[in-house]
Amino acid sequence: MPELPEVEEVRRSLAPVLLGRRIRGITVNRADFVTPRRAPLQRLVGHRFVQTLRHGKKLFCILEDSQTLLIHLGMTGRIVCAPPTDLCPPHAHVLLDLDSGVQVRHCDPRRFGGLWYYPTLATALACEVHDRLGPDALAAKPADLAHWKNLRGKLKARLLSQHDLAGLGNIYVDEALWMARLHPLQLVRRITPEQIRRLVGAIRRVLGQSIAAGGTTFRDYRNVAGQPGKFARQLRAYGRAHLPCKRCGHPLARIVAAGRTTVYCRQCQTRH
DNA sequence: TTAGGCCTGCAC
DNA sequence: GTGCAGGCCTAA
């Protein structure tokens with residue numbers, strides 16, 4: 001389940017493979033994995049990758065003429081780099097052959113992710129970021145959440161929505177709320193400036209710690225080199241229902257909030 | 001504001 | 001065989 005730290009790890013491990021390399025060929029094994037369905041992908045051939053960018057969970061791969069491929073990993077998406085002679089794994093929906101001889105494969109068994117084509121980076125950013133996403137959660141500031149005082153809804157739902165901050169999923173929302181000692185069902189309009197500062201600090205800290213560990217591998221996630229992330233062992237809430245809270249020893253509670261399994265400590269995550 | 005659907009693999 | 005996992009979009 002790639003969230004911000006996992007996508008950032010994919011970006012970091014993919015960048016040296018792509019940058020400066022030209023696309024020699026593209027194979028689409030599943031037309032409905034690519035948006036738009038009839039994207040002019042052959043226009044990418046012969047062009048060189050010059051930049052990679054990440055915003056929230058979205059990864060932009062930019063070519064010298066500004067054409068842009070947007071990778072979204074969804075739940076089970078994976079980027080695999082291999083010699084083209086290697087056996088192609090099942091669910092490899094798009095294959096990118098580079099002039100280095102490396103084949104970059106976008107695999108995704110569940111197909112919650114996808115690949116988007118944009119003629120320019122500006123169009124990609126307009127459609128994918130400005131229209132839908134809040135600021136990147138890694139650079140969260142208390143001011144980004146100042147409008148919460150006039151907003152309905154609960155903490156967990158707002159943080160999952162991507163509209164206030166982009167990049168948090170179920171794992172890191174639970175981790176950040178635990179770290180900030182905030183209840184997932186706390187109404188956002190009741191949150192105090194002090195709690196917002198705590199929350200923003202917790203978000204940045206947990207994302208930073210996870211990036212340093214190469215992300216969280218619960219089951220599927222791997223980086224471009226096929227390595228799992230090491231943050232799972234440091235998780236304090238996610239996946240720890242009924243286990244003792246690492247702060248107070250009270251067993252962690254499991255509820256459903258915003259339609260998602262949610263784990264928190266009844267003792268030290270309080271609601272106002 | 002919430003529920004359901006997409007989709008597959010795995011645990012029970 | 002059933003149910004659960006969930007990012008994100010659509011509909012009620």
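Note on naming: letters A, B, ... go to the chains in the order of the sequence lines (proteins, then strands), and numbering restarts at 1 for each one.
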Whole Å only: how far is the [atom1] atom of [X] from the [atom2] atom of [N]?
{"X": "A:R111", "N": "C:dA5", "atom1": "CZ", "atom2": "C1'", "result": "17 Å"}
{"X": "A:F112", "N": "C:dT10", "atom1": "CZ", "atom2": "C1'", "result": "14 Å"}
{"X": "A:L160", "N": "B:dT1", "atom1": "CG", "atom2": "C1'", "result": "14 Å"}
{"X": "A:M75", "N": "B:dT8", "atom1": "CE", "atom2": "C1'", "result": "10 Å"}
{"X": "A:L168", "N": "C:dC8", "atom1": "CG", "atom2": "C1'", "result": "15 Å"}
{"X": "A:L159", "N": "C:dG6", "atom1": "CG", "atom2": "P", "result": "16 Å"}
{"X": "A:R78", "N": "B:dT8", "atom1": "CZ", "atom2": "C1'", "result": "15 Å"}
{"X": "A:E3", "N": "C:dG7", "atom1": "CD", "atom2": "P", "result": "6 Å"}

Looking only at side-chain N and O atoms, does [X] come under 4.0 Å of OP1 or OP2 in [N]?
{"X": "A:H91", "N": "B:dC7", "answer": "no"}
{"X": "A:T261", "N": "C:dA5", "answer": "yes"}
{"X": "A:H72", "N": "C:dC8", "answer": "yes"}

Of the candidate nucleotides [options], which contains the atom at the shortest distance from the side chain of [X]?
{"X": "A:R132", "options": "C:dG6, C:dC9, B:dG9", "value": "C:dC9"}
{"X": "A:K154", "options": "B:dT2, B:dC7, B:dG9", "value": "B:dT2"}
{"X": "A:Y238", "options": "B:dG9, C:dC8, C:dA5", "value": "C:dA5"}
{"X": "A:R110", "options": "B:dG9, B:dT1, B:dC7", "value": "B:dC7"}

Just call it for A:K58: base, sugar-phosphate, or nothing, with non-hydrogen atoms closer than 4.0 Å on any strand.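 No contact.
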
Could you say whether A:A258 or A:R30 is positioned toward the 5' end of DNA chain B, judged by the nucleotide with the nearest heavy atom to each?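 Closer to the 5' end of DNA chain B: A:A258.
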
Testing A:R24, A:Q103, A:R22 for side-chain hydrogen bond (donor to acceptor under 3.5 Å, both in side chains) with A:D97, which one passes? A:Q103

I need the single residue from A:R12, A:E9, A:R78, A:R11 that forms a side-chain hydrogen bond (donor to acceptor under 3.5 Å, both in side chains) with A:N223. Which is it?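 One option only clears the test, and that one is A:E9.
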
I'd like to know if A:R260 reaches the base of C:dA5 with its side chain, counting only an N/O donor and acceptor under 3.5 Å.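 Not at all, since no donor on one side and acceptor on the other fall under 3.5 Å apart.
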
Before accepting this row, confirm whether a basic side-chain N of the pair A:K141/A:D144 lies closer than 4.0 Å to the acidic partner's carboxylate O.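 Yes, charged N to carboxylate O under 4.0 Å.
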
Walk me through whether A:L155 and A:L199 qualify under side-chain contact (heavy atoms from CB on, under 4.5 Å). CA-CA 10 Å; A:L155 271 181; A:L199 177 60; 4.0 Å; yes

What orientation do A:H93 and A:F33 show, parallel under 30°, tilted 30 to 60°, or perpendicular over 60°?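 Tilted, since the angle between the ring planes falls between 30° and 60°.
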
